[in-house]
Amino acid sequence: MEELAARMRDFAQAREWEQFHTPKNLAMALAGEVGELIGEFQWLTPAESSSLDEETFDRVRSELADVTAYLVRLADLLGVDLIEATKAKLEENERRYDANLYRGSARKAPH
């Protein structure tokens, strides 16, 4: 992840794009890319979404890369270690959502 963040940082610096890579702009770009990813699934049935044809799969793969790129760039700019943040979030969710109480349920845990 650090190597990817450094490569993206170098990419932005070489093009003098740091001026555009504010947290606000990166968050907005990330939301836009998530919207494009959602668009690839919008009218598919659950079964279709689980077995994409090659052309759709390639588009989804590309959108996932865009989402990842903006997420990694935003985290790098803010000094967030995505791996550690995700591990901490998973540990929190493991505490909040006891497997015996939430198995097979989509209900939210109380705060």
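Side-chain atoms are counted along with the backbone in the values below, which use heavy atoms only and exclude waters and symmetry mates.
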If you count heavy atoms of other groups shown closer than 6.0 angstrom to CD of E3, is the number above 12? no
With a 3.5 Å distance limit and no angle check, can you tell me whether Y102 reaches the backbone of R107 through a side-chain donor-acceptor pair? no
Gap between atom OG1 of T68 and atom CD of E33 - 0.5 Å precision: 10.5 Å
Main chain of L101, side chain of S105: is a donor-acceptor contact present, judged purely on distance under 3.5 Å? no
Can you confirm whether L26 sits close enough to F20 that some side-chain heavy atom of one is under 4.5 Å from a side-chain heavy atom of the other? no
Excluding sequence neighbours, so at least two apart, what forms ring-ring contact (aromatic ring centres under 6.0 Å, His included) with F57? none
Check this for me, if you would: do R7 and D10 make a salt bridge, where the nitrogen-to-carboxylate-oxygen distance has to be below 4.0 angstrom? no
Keeping T56 on the side-chain end and L52 on the backbone end, is there a donor-acceptor pair under 3.5 Å? no
With clusters defined by side-chain heavy atoms of hydrophobic residues (ILVMFWY) lying less than 4.5 Å apart, directly or transitively, does L82 cluster with F11? no
Which residues pass the side chain to side chain contact (heavy atoms under 4.5 Å, CB included) test with E84, sequence neighbours left out? D81, K87
Same cluster or not: are M8 and I83 linked, directly or through other Ile, Leu, Val, Met, Phe, Trp or Tyr residues, by side-chain heavy atoms under 4.5 angstrom apart? yes
Is any side-chain heavy atom of F41 less than 4.5 Å from a side-chain heavy atom of V60? yes
Would a single hydrophobic cluster contain both M28 and L77, if residues Ile, Leu, Val, Met, Phe, Trp and Tyr are joined by side-chain heavy-atom contacts under 4.5 Å? no
Here's a test for you: under side-chain contact (heavy atoms from CB on, under 4.5 Å), which of D58, I38, L37, V34 qualifies with E63? L37
For the CD atom of E55 and the CD atom of E40, what is their distance to the nearest 0.5 Å? 9.0 Å
Would you mind reporting whether N25 and T22 have side-chain heavy atoms less than 4.5 Å apart? yes
Looking only at heavy atoms, the pair that brings V80 and A85 closest together is CG1-CB, 4.1 Å
Side-chain heavy atoms of R73 within contact of W17, under 4.5 Å: no
Mind listing the closest non-hydrogen atom pair of L78 and P23 along with its distance? CD2-CG, 3.8 Å
Near E16 CD, under 6.0 Å, is it more than 12 heavy atoms from other residues, nucleotides or ligands? no
R61 CZ: over 12 foreign heavy atoms closer than 6.0 Å: no
If you draw a 6.0 Å radius around CD in Q42, do more than 12 non-hydrogen atoms from other residues or ligands fall strictly inside? yes
So for atom CD, which belongs to E48, do other residues, nucleotides or ligands contribute more than 12 heavy atoms lying within a distance under 6.0 Å? yes
